[in-house]
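Lettering of chains follows the sequences in order, A, B, ..., and the numbering in each one begins at 1.
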Amino acid sequence: MLLDPRSKMIMVICISSLALIYNTPARLLQLLLVTLVLLFIFSFNLRVIAGYLKPFVFLMFFLFVVQSIFSPGDRVILALGPVSLISIEGVLAGATVVLRLLVITAAAMLFTTFSSRDFILGLVQWKVPYEIAFMVSTALRFLPLFRDELKNVLTAIQLRGVDLKKVPWGKKMVMYRRLTFPVVYRNMLKAEQLAIAMEARAFRAYPQRTYLRQLNLQRVDYVVILLSLLVTFILIMRYIG
Amino acid sequence: MFLELRQVGFSYPQKTSPAVIGINLSLKKSGITAIVGPNGSGKSTLTKLMLGILPASEGQIYLEGRNITEYSLAEAGRRIGYVSQNPDLQLFCASVAEEIAFGLVNQGCDVATLEERVNFYLDYFELAAYRKSFPLHLSQGEKQRLAIAAVLANEPEYLILDEPTNGLDAYRKRLLEEYLHKVAELGRGILLVSHDIAFVDRMAERIIALANGQIQSDSNQRGEGYLCY
């Protein structure tokens with residue numbers, strides 16, 4: 001479906017707001033299903049969605065376990081002597097956190113359906129200062145770069161003969177901890193180089209900018225924006241009311 | 001044969017034309033082979049396929065008779081040392097010395113051998129002054145030397161070097177040539193990917209020319225030189 005990037009941004013904001021407000025697995029599951037339907041409408045298939053979510057699987061599992069153990073509850077499922085380990089309330093809290101993360105991640109996929117240039121243009125036409133719009137877009141662009149960077153490092157490590165699947169967890173965590181600094185620093189160097197390259201090409205040298213393209217909201221965009229805001233408002237009022 | 005490629009093809013997602021098509025190639029465990037060809041001819045893609053970094057879309061690749069898909073990246077990496085054309089992607093440690101020691105430490109090398117080898121490569125590639133420096137702060141040529149040293153330190157059976165002379169001055173290029181000749185004399189094979197025709201001429205016994213993802217000429221098979229590009 002051809003929509004203005006701003007309509008999609010509003011949809012992402014609405015879905016994410018609902019994900020943050022809803023606090024039960026059932027509601028979040030419904031929201032996730034709606035988000036998936038939206039992704040299907042925007043031509044995402046199941047494989048692509050799974051590909052995007054795959055890197056978060058471990059984090060989600062980890063969060064689920066931690067939340068399940070550390071959220072107190074009366075209906076104990078698993079106990080170690082007098083100490084209750086997992087309760088039904090804990091499992092529900094874990095499921096809530098994981099589903100919330102899934103909804104926000106899935107909604108954020110809508111950002112990939114338009115270019116960073118359109119994103120900046122959309123914000124600028126909403127009177128957001130260009131510098132801020134550019135900063136937000138660059139930050140979003142750096143997220144996949146950061147992921148690629150990590151992927152490259154993991155490939156390089158394995159090519160030096162380290163079988164990550166066979167490294168014990170304790171050792172693996174030490175290795176990852178030591179790798180964090182170089183990976184983060186490498187991205188900081190990239191950001192610095194980007195800033196230099198931009199300034200060398202007259203970024204902010206003059207107060208006026210020329211935009212080659214103009215985004216125009218169509219009737220369908222107005223309908224989508226109004227509908228998204230209205231439905232979100234009603235759902236929030238019903239939930240908290 | 002050490003490496004054997006049968007009808008190998010590969011296409012990058014969202015690209016209309018394949019990066020490599022119908023590649024049939026056999027590489028012996030010893031000797032120096034070079035792959036030459038213009039930009040975008042599929043040279044680097046081919047080396048990544050040989051290591052299993054990229055999965056072949058068509059055909060099969062065998063490393064000593066076993067399909068490369070049956071090897072983990074680490075298993076392939078222990079046997080084939082790989083230096084990519086962008087050394088930045090291969091450097092991930094906090095210091096130059098750690099970078100060279102990384103593979104050895106993880107293979108459980110004893111401390112005396114480790115120190116000896118790290119010092120040797122630091123001296124040979126003239127990186128001793130940067131022992132404690134952060135690798136990404138080095139110049140392009142120094143990063144290139146470090147990436148090569150870090151791979152050579154593991155002493156793999158075979159080496160694939162993608163544009164190893166990038167950023168190297170004439171003196172360092174000669175040092176690299178001398179070292180690679182020594183490695184080859186020890187019976188280890190080397191595959192060079194390079195645009196540096198003079199370097200390739202001095203080094204390679206066999207030259208394979210690629211264009212548009214296909215082999216245009218192979219000096220081994222035709223008994224002739226390679227196509228100029």
(message) So, taking the atom named CD1 in B/I61 and the one named CG in B/L63, what distance separates them when rounded to the nearest 0.5 Å?
(response)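 Here the interatomic distance stands at 10.0 Å.
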(request) To the nearest 0.5 angstrom, please state how far the CZ atom of A/F134 sits from the CG atom of A/L123. (result)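 Result: 12.5 Å between the selected atoms.
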(message) Please enumerate all residues that pass side chain to side chain donor-acceptor pair (under 3.5 Å) together with A/S7, with sequence neighbours excluded.
(response)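 Side chain to side chain donor-acceptor pair (under 3.5 Å) list for A/S7, sorted by chain: A/D221.
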(request) Could you list the residues that satisfy side chain to side chain donor-acceptor pair (under 3.5 Å) with A/R204, not counting sequence neighbours? (result)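 If we apply the side chain to side chain donor-acceptor pair (under 3.5 Å) test to A/R204, skipping adjacent residues, the hits are A/E131.
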(request) Would you confirm whether A/S137, through its side chain, and A/A133, through its main-chain N or O, come within 3.5 Å as a donor-acceptor pair? (result)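 No: the side chain of A/S137 does not pair with the backbone of A/A133.
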(message) With chain A as the partner, which of B/V151, B/L73, B/L91 has the greatest number of non-hydrogen pairs under 4.5 Å?
(response)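 Top option by heavy-atom pairs under 4.5 Å: B/L73.
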(message) So, using salt bridge (charged side-chain N to carboxylate O under 4.0 Å, His left out) as the criterion, who are the partners of A/R213 when residues are at least two apart?
(response)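 Here the qualifying residues are A/D118.
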If I measure from the heavy atoms of chain A, does [X] come under 4.5 Å with its side chain, its backbone, both, or neither?
| X | result |
| --- | --- |
| B/A150 | both |
| B/L104 | neither |
| B/I53 | side chain |

(request) Below 4.5 Å from any heavy atom of chain B, which atoms of A/L164 appear? Answer side chain, backbone, both or neither. (result)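 Looking at A/L164, nothing touches chain B.
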(request) Counting only heavy atoms closer than 4.5 Å, note whether A/V162 contacts chain B via side chain, backbone, both or neither. (result)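 Contact with chain B is through both the backbone and side chain of A/V162.
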(message) I'd like to check B/L159 versus B/I80 (side-chain heavy atoms, cut-off strictly below 4.5 Å). Are they in contact?
(response)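 The answer is no; the side chains never approach within 4.5 Å.
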(message) Taking the ring centre of each residue, are A/F119 and A/W126 less than 6.0 Å apart?
(response)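 That pair fails the under 6.0 Å test.
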(request) Verify whether the ring centers belonging to B/F134 and A/F181 lie closer than 6.0 Å. (result)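 So the answer is yes for these two rings.
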So which donor and acceptor atoms of chain A and chain B come within less than 3.5 Å of each other?
from   : atom 1 : to     : atom 2 : distance (Å)
A/R160 : NH1    : B/E99  : O      : 3.0
A/R160 : NH2    : B/Q90  : O      : 3.0
A/R160 : NH2    : B/E99  : OE2    : 2.9
A/G161 : O      : B/R78  : NH1    : 2.5
A/D163 : OD2    : B/S72  : OG     : 3.3
A/R178 : NH2    : B/E98  : OE1    : 2.8
A/Y185 : OH     : B/H137 : NE2    : 2.5
A/R186 : NH1    : B/D88  : O      : 2.0
A/R186 : NH2    : B/L91  : O      : 2.6

